[in-house]
Amino acid sequence: MTLIAVGSSAIWAGQNTILASLTDDGERQRVFGLNFALLNLGIGTGGLISGAVVDVARPVTFEVIYLLDAVSYLTPALILLTLPHVGRRPVAATGAKAADRRTGGYLTVLRDRPFRRLVIFGLVLTTCGYAQIEVGFAAYSVRVVEVTPRVVAWALAANTVMIVLSQLLVIRRLEGRSRTRALATVGAVFAGAWLVLGAAGVVGSGNALLAALGVVACSAIFGFGETMLSPVMPALTNALATDELRGRYNAMSSMIFGISGVVGPVTAGPLIGAANGRVWVAVVVGGCLAASLLALSLRPLLTAAQDGRLTAAETPEPEPARAT
(Lines give C-alpha, C1' and ligand atoms only; values in the text may rest on other atoms or scores of the structure.)
Protein backbone atom coordinates (compact mmCIF):
# COMPACT_ATOMS: atom_id res chain seq x y z
CA MET A 1 0.00 0.00 0.00
CA THR A 2 2.93 2.33 0.69
CA LEU A 3 4.37 1.66 -2.76
CA ILE A 4 0.94 2.32 -4.32
CA ALA A 5 0.71 5.61 -2.42
CA VAL A 6 4.18 6.67 -3.63
CA GLY A 7 3.26 5.90 -7.23
CA SER A 8 -0.12 7.59 -7.01
CA SER A 9 1.35 10.73 -5.47
CA ALA A 10 3.60 11.14 -8.51
CA ILE A 11 1.34 10.05 -11.35
CA TRP A 12 -1.44 12.63 -11.03
CA ALA A 13 0.79 15.71 -10.86
CA GLY A 14 2.97 14.37 -13.69
CA GLN A 15 0.04 13.44 -15.90
CA ASN A 16 -1.74 16.77 -15.41
CA THR A 17 1.48 18.66 -16.15
CA ILE A 18 2.01 16.70 -19.38
CA LEU A 19 -1.61 17.21 -20.47
CA ALA A 20 -1.31 20.94 -19.76
CA SER A 21 1.93 21.19 -21.75
CA LEU A 22 0.28 19.53 -24.78
CA THR A 23 -2.76 21.83 -24.82
CA ASP A 24 -3.58 25.51 -24.53
CA ASP A 25 -5.90 27.07 -21.98
CA GLY A 26 -8.90 26.86 -24.31
CA GLU A 27 -8.54 23.08 -24.63
CA ARG A 28 -7.48 22.04 -21.14
CA GLN A 29 -10.89 22.01 -19.52
CA ARG A 30 -12.21 19.58 -22.15
CA VAL A 31 -9.08 17.42 -21.98
CA PHE A 32 -9.16 17.12 -18.18
CA GLY A 33 -12.87 16.32 -18.26
CA LEU A 34 -12.40 13.62 -20.90
CA ASN A 35 -9.48 12.20 -18.92
CA PHE A 36 -11.70 11.93 -15.82
CA ALA A 37 -14.47 10.20 -17.77
CA LEU A 38 -11.99 7.66 -19.17
CA LEU A 39 -10.55 7.13 -15.68
CA ASN A 40 -13.96 6.23 -14.30
CA LEU A 41 -14.72 4.06 -17.33
CA GLY A 42 -11.52 2.17 -16.54
CA ILE A 43 -12.46 1.85 -12.86
CA GLY A 44 -15.87 0.47 -13.78
CA THR A 45 -14.42 -1.95 -16.32
CA GLY A 46 -11.77 -3.13 -13.87
CA GLY A 47 -14.40 -3.67 -11.20
CA LEU A 48 -16.49 -5.80 -13.54
CA ILE A 49 -13.47 -7.87 -14.61
CA SER A 50 -12.24 -8.46 -11.05
CA GLY A 51 -15.75 -9.25 -9.86
CA ALA A 52 -16.06 -11.91 -12.53
CA VAL A 53 -12.67 -13.47 -11.73
CA VAL A 54 -12.15 -13.41 -7.97
CA ASP A 55 -13.57 -16.08 -5.72
CA VAL A 56 -13.06 -15.93 -1.94
CA ALA A 57 -12.95 -19.74 -1.87
CA ARG A 58 -9.97 -19.72 -4.27
CA PRO A 59 -7.19 -17.33 -3.18
CA VAL A 60 -5.30 -17.96 -6.42
CA THR A 61 -7.93 -15.89 -8.26
CA PHE A 62 -6.82 -12.81 -6.29
CA GLU A 63 -3.20 -13.53 -7.22
CA VAL A 64 -4.20 -13.67 -10.90
CA ILE A 65 -5.96 -10.30 -10.65
CA TYR A 66 -2.97 -8.69 -8.92
CA LEU A 67 -0.57 -10.00 -11.58
CA LEU A 68 -2.86 -8.84 -14.41
CA ASP A 69 -3.10 -5.45 -12.72
CA ALA A 70 0.69 -5.20 -12.54
CA VAL A 71 1.03 -6.05 -16.24
CA SER A 72 -1.65 -3.53 -17.16
CA TYR A 73 0.41 -0.73 -15.57
CA LEU A 74 3.20 -1.43 -18.04
CA THR A 75 0.93 -0.31 -20.90
CA PRO A 76 1.01 3.44 -20.15
CA ALA A 77 4.76 3.16 -19.54
CA LEU A 78 5.21 1.73 -23.07
CA ILE A 79 3.00 4.46 -24.53
CA LEU A 80 5.08 7.18 -22.84
CA LEU A 81 8.26 5.65 -24.26
CA THR A 82 6.84 6.25 -27.75
CA LEU A 83 6.58 9.99 -26.95
CA PRO A 84 10.24 10.97 -26.47
CA HIS A 85 9.64 14.73 -26.78
CA VAL A 86 6.75 14.87 -24.30
CA GLY A 87 7.23 15.86 -20.68
CA ARG A 88 10.54 17.69 -21.07
CA ARG A 89 11.30 20.94 -19.28
CA PRO A 90 10.54 24.14 -21.21
CA VAL A 91 13.47 25.77 -22.99
CA ALA A 92 15.51 27.62 -20.41
CA ALA A 93 15.58 31.40 -20.58
CA THR A 94 18.82 33.34 -20.61
CA GLY A 95 20.17 36.22 -18.58
CA ALA A 96 18.36 37.77 -15.62
CA LYS A 97 15.09 36.00 -16.40
CA ALA A 98 16.80 32.63 -16.19
CA ALA A 99 18.27 33.52 -12.79
CA ASP A 100 14.86 34.58 -11.50
CA ARG A 101 13.22 31.40 -12.73
CA ARG A 102 15.87 29.18 -11.16
CA THR A 103 15.08 30.68 -7.75
CA GLY A 104 11.38 29.87 -8.18
CA GLY A 105 10.06 26.95 -6.18
CA TYR A 106 7.26 26.00 -3.85
CA LEU A 107 7.62 29.27 -1.93
CA THR A 108 6.98 31.13 -5.16
CA VAL A 109 3.88 29.01 -5.75
CA LEU A 110 2.60 29.68 -2.21
CA ARG A 111 3.06 33.43 -2.70
CA ASP A 112 0.50 33.26 -5.51
CA ARG A 113 -2.55 34.59 -3.65
CA PRO A 114 -5.25 33.25 -6.04
CA PHE A 115 -3.65 29.80 -6.07
CA ARG A 116 -3.34 29.86 -2.29
CA ARG A 117 -7.08 30.53 -2.07
CA LEU A 118 -7.71 27.72 -4.54
CA VAL A 119 -5.68 25.30 -2.40
CA ILE A 120 -7.68 26.22 0.71
CA PHE A 121 -10.90 25.70 -1.23
CA GLY A 122 -9.66 22.31 -2.41
CA LEU A 123 -8.67 21.19 1.09
CA VAL A 124 -12.08 22.08 2.55
CA LEU A 125 -14.05 20.58 -0.35
CA THR A 126 -12.11 17.32 -0.61
CA THR A 127 -12.02 16.81 3.18
CA CYS A 128 -15.82 17.12 3.31
CA GLY A 129 -16.34 15.49 -0.09
CA TYR A 130 -13.97 12.98 -1.69
CA ALA A 131 -12.40 11.88 1.58
CA GLN A 132 -15.84 11.17 3.04
CA ILE A 133 -17.05 9.13 0.07
CA GLU A 134 -14.14 6.76 0.75
CA VAL A 135 -15.05 6.00 4.40
CA GLY A 136 -17.86 8.13 5.80
CA PHE A 137 -20.35 7.33 3.05
CA ALA A 138 -20.03 3.56 3.41
CA ALA A 139 -19.95 3.66 7.22
CA TYR A 140 -23.01 5.92 7.47
CA SER A 141 -24.91 3.87 4.89
CA VAL A 142 -24.32 0.56 6.67
CA ARG A 143 -24.44 1.69 10.30
CA VAL A 144 -27.06 4.47 10.29
CA VAL A 145 -29.17 3.88 7.16
CA GLU A 146 -28.78 0.12 7.75
CA VAL A 147 -28.53 -0.92 4.11
CA THR A 148 -26.56 -3.98 3.02
CA PRO A 149 -23.07 -3.77 1.51
CA ARG A 150 -24.65 -4.78 -1.81
CA VAL A 151 -26.62 -1.50 -1.83
CA VAL A 152 -23.37 0.40 -1.22
CA ALA A 153 -21.86 -1.42 -4.21
CA TRP A 154 -24.82 -0.41 -6.40
CA ALA A 155 -24.43 3.16 -5.18
CA LEU A 156 -20.77 3.28 -6.21
CA ALA A 157 -21.73 1.80 -9.58
CA ALA A 158 -24.35 4.57 -9.98
CA ASN A 159 -21.60 7.10 -9.27
CA THR A 160 -19.44 5.70 -12.07
CA VAL A 161 -22.34 5.51 -14.54
CA MET A 162 -23.31 9.12 -13.80
CA ILE A 163 -19.77 10.33 -14.47
CA VAL A 164 -19.29 8.35 -17.70
CA LEU A 165 -22.67 9.35 -19.16
CA SER A 166 -22.76 13.02 -18.16
CA GLN A 167 -19.12 14.16 -18.28
CA LEU A 168 -19.02 15.19 -21.96
CA LEU A 169 -22.38 17.01 -21.67
CA VAL A 170 -21.17 18.90 -18.60
CA ILE A 171 -17.94 19.90 -20.37
CA ARG A 172 -19.96 21.52 -23.16
CA ARG A 173 -22.13 23.39 -20.68
CA LEU A 174 -19.07 24.70 -18.81
CA GLU A 175 -17.48 26.16 -21.94
CA GLY A 176 -17.08 29.93 -21.60
CA ARG A 177 -18.62 30.00 -18.10
CA SER A 178 -17.07 31.16 -14.82
CA ARG A 179 -14.86 28.50 -13.28
CA THR A 180 -15.25 29.91 -9.79
CA ARG A 181 -19.03 29.72 -10.05
CA ALA A 182 -18.70 26.14 -11.28
CA LEU A 183 -16.56 25.29 -8.24
CA ALA A 184 -19.11 26.96 -5.95
CA THR A 185 -21.82 24.85 -7.61
CA VAL A 186 -19.76 21.73 -6.90
CA GLY A 187 -19.80 22.55 -3.19
CA ALA A 188 -23.58 23.01 -3.29
CA VAL A 189 -24.09 19.73 -5.18
CA PHE A 190 -21.90 17.82 -2.71
CA ALA A 191 -23.85 19.37 0.17
CA GLY A 192 -27.11 18.30 -1.51
CA ALA A 193 -25.81 14.75 -1.87
CA TRP A 194 -25.01 14.54 1.85
CA LEU A 195 -28.44 15.95 2.73
CA VAL A 196 -30.06 13.18 0.67
CA LEU A 197 -27.97 10.62 2.56
CA GLY A 198 -28.96 12.25 5.85
CA ALA A 199 -32.62 11.98 4.85
CA ALA A 200 -32.07 8.29 4.11
CA GLY A 201 -30.68 7.95 7.63
CA VAL A 202 -33.86 9.49 9.05
CA VAL A 203 -35.96 7.00 7.06
CA GLY A 204 -33.67 4.14 8.11
CA SER A 205 -35.14 0.71 8.44
CA GLY A 206 -38.69 2.11 8.49
CA ASN A 207 -38.72 1.97 4.70
CA ALA A 208 -35.87 -0.16 3.41
CA LEU A 209 -36.52 0.57 -0.29
CA LEU A 210 -36.66 4.34 0.21
CA ALA A 211 -33.52 4.22 2.35
CA ALA A 212 -31.66 2.23 -0.32
CA LEU A 213 -32.78 4.66 -3.04
CA GLY A 214 -31.48 7.53 -0.92
CA VAL A 215 -28.05 5.91 -0.64
CA VAL A 216 -27.87 5.29 -4.40
CA ALA A 217 -29.16 8.81 -5.17
CA CYS A 218 -26.52 10.37 -2.88
CA SER A 219 -23.72 8.65 -4.75
CA ALA A 220 -25.15 9.56 -8.17
CA ILE A 221 -25.62 13.23 -7.21
CA PHE A 222 -22.08 13.29 -5.85
CA GLY A 223 -20.85 11.90 -9.18
CA PHE A 224 -22.57 14.76 -11.02
CA GLY A 225 -20.64 17.21 -8.86
CA GLU A 226 -17.43 15.40 -9.73
CA THR A 227 -18.07 15.97 -13.45
CA MET A 228 -17.86 19.73 -12.81
CA LEU A 229 -14.89 19.59 -10.45
CA SER A 230 -12.68 17.29 -12.54
CA PRO A 231 -12.28 19.58 -15.59
CA VAL A 232 -12.38 22.94 -13.78
CA MET A 233 -9.96 22.43 -10.86
CA PRO A 234 -6.91 21.33 -12.93
CA ALA A 235 -7.75 23.81 -15.71
CA LEU A 236 -7.77 26.70 -13.22
CA THR A 237 -4.58 25.41 -11.59
CA ASN A 238 -2.78 25.46 -14.93
CA ALA A 239 -4.27 28.82 -15.89
CA LEU A 240 -2.56 30.27 -12.80
CA ALA A 241 0.71 28.38 -13.34
CA THR A 242 3.74 29.51 -15.31
CA ASP A 243 5.44 27.10 -17.69
CA GLU A 244 8.54 26.93 -15.48
CA LEU A 245 6.59 26.12 -12.30
CA ARG A 246 3.72 24.16 -13.84
CA GLY A 247 4.91 20.90 -12.29
CA ARG A 248 5.02 22.42 -8.81
CA TYR A 249 1.56 23.96 -9.19
CA ASN A 250 0.14 20.58 -10.19
CA ALA A 251 2.04 18.83 -7.38
CA MET A 252 0.58 21.24 -4.81
CA SER A 253 -2.89 20.71 -6.26
CA SER A 254 -2.49 16.92 -6.09
CA MET A 255 -1.25 17.16 -2.51
CA ILE A 256 -4.72 18.40 -1.52
CA PHE A 257 -6.14 14.89 -2.04
CA GLY A 258 -3.33 13.34 0.02
CA ILE A 259 -3.94 15.59 3.03
CA SER A 260 -7.74 15.31 2.91
CA GLY A 261 -7.40 11.55 2.39
CA VAL A 262 -5.85 11.36 5.86
CA VAL A 263 -8.02 13.93 7.67
CA GLY A 264 -11.35 12.74 6.23
CA PRO A 265 -11.27 9.06 7.25
CA VAL A 266 -9.75 9.83 10.67
CA THR A 267 -12.56 12.26 11.53
CA ALA A 268 -15.42 10.30 9.93
CA GLY A 269 -15.54 7.53 12.55
CA PRO A 270 -15.95 9.71 15.67
CA LEU A 271 -18.40 12.05 13.92
CA ILE A 272 -20.62 9.20 12.71
CA GLY A 273 -20.55 7.73 16.19
CA ALA A 274 -21.95 10.95 17.68
CA ALA A 275 -25.71 11.60 17.74
CA ASN A 276 -26.43 8.71 15.37
CA GLY A 277 -24.47 10.31 12.52
CA ARG A 278 -26.26 13.67 12.61
CA VAL A 279 -23.08 15.50 13.63
CA TRP A 280 -21.23 14.00 10.66
CA VAL A 281 -23.96 15.09 8.22
CA ALA A 282 -23.97 18.62 9.66
CA VAL A 283 -20.17 18.93 9.44
CA VAL A 284 -19.80 17.66 5.86
CA VAL A 285 -22.75 19.73 4.59
CA GLY A 286 -21.42 22.84 6.33
CA GLY A 287 -17.90 22.19 5.00
CA CYS A 288 -19.11 21.85 1.41
CA LEU A 289 -21.08 25.09 1.66
CA ALA A 290 -18.06 26.84 3.18
CA ALA A 291 -16.04 25.65 0.18
CA SER A 292 -18.64 27.24 -2.11
CA LEU A 293 -18.11 30.59 -0.37
CA LEU A 294 -14.33 30.22 -0.74
CA ALA A 295 -14.78 29.59 -4.48
CA LEU A 296 -16.88 32.73 -4.88
CA SER A 297 -14.28 34.77 -2.97
CA LEU A 298 -11.69 33.64 -5.51
CA ARG A 299 -13.48 35.25 -8.48
CA PRO A 300 -12.29 38.87 -7.83
CA LEU A 301 -8.69 37.65 -7.73
CA LEU A 302 -8.80 36.23 -11.28
CA THR A 303 -8.82 37.71 -14.74
CA ALA A 304 -11.72 36.88 -17.03
CA ALA A 305 -9.47 34.51 -19.02
CA GLN A 306 -8.27 32.68 -15.88
CA ASP A 307 -11.86 32.38 -14.69
CA GLY A 308 -12.83 30.82 -18.02
CA ARG A 309 -15.25 33.61 -18.95
CA LEU A 310 -13.41 34.13 -22.23
CA THR A 311 -13.39 31.37 -24.84
CA ALA A 312 -10.34 30.77 -27.01
CA ALA A 313 -11.97 32.74 -29.84
CA GLU A 314 -12.66 35.72 -27.56
CA THR A 315 -9.20 35.89 -26.01
CA PRO A 316 -7.51 39.02 -27.35
CA GLU A 317 -4.34 38.40 -29.34
CA PRO A 318 -1.28 40.61 -28.88
CA GLU A 319 -1.05 43.47 -31.37
CA PRO A 320 1.67 42.84 -33.98
CA ALA A 321 4.72 45.10 -33.82
CA ARG A 322 4.83 47.85 -36.44
CA ALA A 323 7.57 47.78 -39.03
CA THR A 324 10.11 50.58 -38.79
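Hydrogens, waters and symmetry mates play no part in the numbers below; they use all other heavy atoms, side chains included.
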Derivation and outcome, side-chain contact (heavy atoms from CB on, under 4.5 Å), residues Trp154 and Arg150: CA-CA 6 Å; Trp154 280 109; Arg150 186 179 296 275; 3.9 Å; yes
Any side-chain donor near an acceptor of the partner, Glu226 and Asn40, under 3.5 Å: no
Which residues share a side chain to side chain contact (heavy atoms under 4.5 Å, CB included) with Leu210, sequence neighbours left out: Val203, Asn207
For Thr303, all residues meeting side chain to side chain contact (heavy atoms under 4.5 Å, CB included), sequence neighbours excluded: Ala305, Gln306
For Asn250, side-chain hydrogen bond (donor to acceptor under 3.5 Å, both in side chains) partners two or more places apart: Thr17, Asn238
Arg30: side-chain hydrogen bond (donor to acceptor under 3.5 Å, both in side chains) partners, not counting sequence neighbours: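 side-chain hydrogen bond (donor to acceptor under 3.5 Å, both in side chains) list for Arg30, sorted by chain: empty.
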Linked hydrophobic residues, [X] as query - side chain contacts closer than 4.5 Å:
{"X": "Leu107", "answer": "none"}
{"X": "Val64", "answer": "Leu68"}
{"X": "Val202", "answer": "none"}

Within the 4.5 Å heavy-atom criterion, are [X] and [Y] side-chain neighbours or not?
{"X": "Ile171", "Y": "Phe32", "answer": "no"}
{"X": "Arg246", "Y": "Asp243", "answer": "yes"}
{"X": "Arg278", "Y": "Val144", "answer": "no"}

For a quick test of your reading: what N or O donor-acceptor pairs under 3.5 Å do the side chains of residues 286-293 make, sequence neighbours left out?
{"residue": "Ser292", "atom": "OG", "partner": "Ala184", "partner atom": "O", "Å": "2.7"}
{"residue": "Ser292", "atom": "OG", "partner": "Ala188", "partner atom": "N", "Å": "3.3"}
{"residue": "Ser292", "atom": "OG", "partner": "Cys288", "partner atom": "O", "Å": "3.4"}

Pair Leu229-Phe36, side-chain contact (heavy atoms from CB on, under 4.5 Å): steps then yes or no: CA-CA 10 Å; Leu229 180 66; Phe36 186 69; over 6 Å; no
side-chain contact (heavy atoms from CB on, under 4.5 Å) between Asn16 and Thr237, worked out: CA-CA 10 Å; Asn16 284 351; Thr237 297; over 6 Å; no
ring-ring contact (aromatic ring centres under 6.0 Å, His included) partners for [X], two or more places apart:
{"X": "Phe224", "answer": "none"}
{"X": "Tyr249", "answer": "Phe115"}
{"X": "Tyr130", "answer": "Phe222, Phe257"}

From CA spacing to verdict: side-chain contact (heavy atoms from CB on, under 4.5 Å), Thr267, Gln132: CA-CA 9 Å; Thr267 56; Gln132 300 301 331; 4.0 Å; yes
Qualifying side-chain hydrogen bond (donor to acceptor under 3.5 Å, both in side chains) pairs with a residue from residues 180-202, counting only residues at least two apart or across chains: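 Checked against side-chain hydrogen bond (donor to acceptor under 3.5 Å, both in side chains) - neighbours excluded - the pairs reaching residues 180-202 are Ser178-Thr180, Thr180-Asp307.
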